[in-house]
Enquirer: 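Have a look at this one.
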Amino acid sequence: MAESSEGEEEGKLTGGDQQLVVDDDLHEMAKKAAWSVSSCKPGNGVLSLRDDNLDTYWQSDGAQPHVVNIQFQKKVKLQLVVLYVDFKLDESYTPSKISIRAGDGFHNLKEIKAVELVKPTGWVYVSLSGSDPRETFVNTFMLQIAVLSNHLNGRDTHVRQIKVYGPRRNPFPRQPLQFTSTEFISYSTVR
């Protein structure tokens, strides 16, 4: 997994990567979710967040905080949130402080990560675990990404893409040892 480019210190992320690079042991989970936003300008809603087009964006329309809700039908393990934001194009519409919350639903969301973005342009990676995302994960029914403030005290926000990743499931579920090659699996029976 690519770390946030150009530095990360105590909740501050600077820079951004132009290419989306994610470990092979992670896969995109958000396709299985129901997405909603707190508000949007006509034509700039949820579909613009998920269309894989960096020229489109979600634009909020209303009072802060602006939120993106991602709800799953069953509990899922999540490790990484990746956002594409562009300070060069969006200026005061670019998020500067975000809060990522998780829970069973709207009634019990708890903040699991607070991040300050410093003039980001590109993909920004927010790990939902400790320093090594393989150590832990968030087990949740719902993830909420809240934009608390924007650069230059902007009111509405632009987010161009959001991706949510979780660990890949073991392709051979009944194997106690998670071998991935057929050759290793054929020799892995326990007697």
Enquirer: Quick one: pull up CD1 in Ile100 and CG in Leu109 and give me the separation to the nearest 0.5 Å.
Expert: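 Those atoms lie 12.5 Å apart.
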Enquirer: Among the clusters formed by ILVMFWY side chains lying less than 4.5 Å apart, do Val37 and Val147 turn up in the same one?
Expert: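 Shared cluster, yes.
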Enquirer: So Ile145 and Ile70, side-chain contact (heavy atoms from CB on, under 4.5 Å) or not? Walk me through it.
Expert: CA-CA 8 Å; Ile145 301 167; Ile70 307 166; 4.2 Å; yes
Enquirer: Once side-chain contact (heavy atoms from CB on, under 4.5 Å) is applied, do any residues pair with Asp61, and if so which ones, sequence neighbours excluded?
Expert: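 Scan of Asp61 (side-chain contact (heavy atoms from CB on, under 4.5 Å), adjacent residues dropped) gives Ser39, Lys41, Arg155, Asp156.
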Enquirer: Which atoms form the tightest heavy-atom contact between Pro65 and Ser38, and what is the distance?
Expert: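 Heavy atoms of Pro65 and Ser38 come nearest at O-OG, 4.3 Å.
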Enquirer: Answer yes or no: are there more than 12 heavy-atom neighbours, outside Tyr93 itself, under 6.0 Å from its atom OH?
Expert: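 For Tyr93, atom OH is not crowded (no more than 12 foreign heavy atoms under 6.0 Å).
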Enquirer: With no hydrogens and no angle check, is any side-chain donor or acceptor of Lys77 less than 3.5 Å from a backbone partner on Pro167?
Expert: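 It does not hold such a pair.
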Enquirer: Please check if the side chain of Ser96 supplies one atom and the backbone of Ser149 the other of a donor-acceptor pair under 3.5 Å.
Expert: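 Yes; judged by distance alone, with no hydrogens or angles, the pair exists.
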Enquirer: State plainly whether one hydrophobic cluster holds both Leu89 and Leu54, where clusters connect Ile, Leu, Val, Met, Phe, Trp and Tyr through side-chain heavy atoms under 4.5 angstrom apart.
Expert: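 Shared cluster, no.
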Enquirer: Using every non-hydrogen atom in the two residues, find where Ser48 and Gly43 come nearest and quote the distance to one decimal.
Expert: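 Looking at all heavy atoms of both residues, the closest pair is OG-O, 3.6 Å.
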Enquirer: Before accepting this row, confirm whether a basic side-chain N of the pair Asp90/Arg160 lies closer than 4.0 Å to the acidic partner's carboxylate O.
Expert: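 Counted as a salt bridge, because a side-chain N and a carboxylate O are separated by less than 4.0 Å.
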Enquirer: How many angstroms lie between atom CZ of Phe141 and atom CD of Gln71, to the nearest 0.5 angstrom?
Expert: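 Output value for this atom pair is 11.0 Å.
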Enquirer: Using the test ring-ring contact (aromatic ring centres under 6.0 Å, His included), find all partners of His66 that sit at least two apart in sequence or belong to another chain.
Expert: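 Not a single residue meets the ring-ring contact (aromatic ring centres under 6.0 Å, His included) criterion with His66.
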Enquirer: Any side-chain to backbone donor/acceptor pair from His158 onto Trp58? Under 3.5 Å, distance only.
Expert: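 Absent.
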Enquirer: Is it true that Ser92 and Asn150 share a donor-acceptor pair across their side chains at a distance under 3.5 Å?
Expert: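 No pair is found: no donor N or O on one side chain lies under 3.5 Å from an acceptor on the other.
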Enquirer: Could you tell me which non-hydrogen atom of Lys113 sits nearest to which non-hydrogen atom of Ser127, and how far apart they are?
Expert: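 That closest heavy-atom pairing would be CE-O, 2.6 Å.
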Enquirer: Indicate, with yes or no, if Ile98 and Leu148 share a hydrophobic cluster defined by side-chain heavy-atom contacts under 4.5 Å among Ile, Leu, Val, Met, Phe, Trp and Tyr.
Expert: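 Different hydrophobic clusters.
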Enquirer: For residues Thr94 and Lys119, determine if any side-chain heavy atom of one lies less than 4.5 Å from a side-chain heavy atom of the other.
Expert: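 The answer is no; the side chains never approach within 4.5 Å.
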Enquirer: Heavy-atom distance under 4.5 Å between the side chains of Asp17 and Tyr84, does that happen here?
Expert: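 A side-chain contact under 4.5 Å is absent here.
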Enquirer: Checking side-chain contact (heavy atoms from CB on, under 4.5 Å) for the pair Tyr125/Val21: CA distance, chi angles, key distance, verdict?
Expert: CA-CA 10 Å; Tyr125 300 80; Val21 179; 4.2 Å; yes
Enquirer: Got Arg50 and Lys163 here, is their nearest side-chain heavy-atom distance under 4.5 Å?
Expert: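 Of all side-chain heavy-atom pairs linking Lys163 with Arg50, at least one is under 4.5 Å.
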Enquirer: Is a side-chain N or O of Asn44 found less than 3.5 angstrom from the main chain of Cys40, in a donor-acceptor match?
Expert: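 No.
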Enquirer: Would Thr121 and Gln18 satisfy side-chain contact (heavy atoms from CB on, under 4.5 Å), going step by step from the backbone distance to the final call?
Expert: CA-CA 8 Å; Thr121 297; Gln18 294 308 304; 4.1 Å; yes
Enquirer: Are the side chain of Gln59 and the backbone of Val159 linked by a donor-acceptor contact shorter than 3.5 Å?
Expert: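 No, the answer is negative, given that no donor and acceptor are paired below the 3.5 Å cut-off.
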Enquirer: Could you tell me whether the side chain of Phe72 reaches within less than 4.5 Å of the side chain of Met29, counting heavy atoms only?
Expert: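 With C-beta onward as the side chain, the pair touches.
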Enquirer: Any chance you could measure Asp51, atom CG, to Gln161, atom CD, to the nearest 0.5 Å?
Expert: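 Asp51 CG to Gln161 CD: 5.0 Å, rounded to 0.5 Å.
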Enquirer: Where do Val81 and Leu128 land on the side-chain contact (heavy atoms from CB on, under 4.5 Å) test, with the steps shown first?
Expert: CA-CA 7 Å; Val81 172; Leu128 299 181; 4.0 Å; yes
Enquirer: Which heavy atom of Ser99 sits nearest a heavy atom of Glu111, and at what distance?
Expert: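 Of all heavy-atom pairs spanning Ser99 and Glu111, the closest is OG-OE1, 2.6 Å.
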Enquirer: Compare all side-chain heavy atoms of Val76 with those of Asn139 and state whether any distance is below 4.5 angstrom.
Expert: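 Val76 vs Asn139: side chains apart.
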Enquirer: Using 0.5 Å steps for rounding, measure from the OG1 atom of Thr140 to the NZ atom of Lys110.
Expert: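 With rounding to 0.5 Å, OG1 (Thr140) is 10.5 Å from NZ (Lys110).
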Enquirer: Are any non-hydrogen side-chain atoms of Arg168 and Leu26 less than 4.5 angstrom apart?
Expert: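 Side chain of Arg168 against side chain of Leu26, heavy atoms only: no contact under 4.5 Å found.
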Enquirer: Can you confirm if the aromatic rings of Tyr165 and His27 lie within a centre distance of less than 6.0 Å?
Expert: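 No - the distance between ring centres of His27 and Tyr165 does not fall below the 6.0 Å cut-off.
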Enquirer: Below 4.5 Å, heavy atoms only, C-beta onward: do Leu80 and Leu78 meet side chain to side chain?
Expert: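 Result no, sub-4.5 Å side-chain heavy-atom pair not found.
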Enquirer: Hydrophobic clusters here meaning ILVMFWY residues chained together by side-chain heavy-atom distances under 4.5 Å, can you tell me if Phe106 and Val67 are in one?
Expert: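 As far as the 4.5 Å side-chain criterion goes, Val67 and Phe106 are not connected within one cluster.
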Enquirer: Measure from the side-chain N and O atoms of Trp35 to the backbone N and O of Ala30, and report whether any donor-acceptor pair falls under 3.5 Å.
Expert: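 Answer holds: yes.
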Enquirer: Assigning hydrophobic clusters by single linkage (Ile, Leu, Val, Met, Phe, Trp, Tyr; side-chain heavy-atom cutoff under 4.5 Å), is Ile162 placed with Val46?
Expert: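 Shared cluster, yes.
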Enquirer: Atom NZ in Lys97, atom CG in Leu117: separation rounded to 0.5 Å?
Expert: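 It comes to 11.0 Å.
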Enquirer: Can any side-chain N or O of Gln64 pair as donor or acceptor with the backbone N or O of Gly154 at less than 3.5 Å?
Expert: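 Indeed, once roles are kept as given, a pair shorter than 3.5 Å links the two residues.
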Enquirer: Main chain of Gly103, side chain of Gln144: is a donor-acceptor contact present, judged purely on distance under 3.5 Å?
Expert: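 A pair under 3.5 Å: no.
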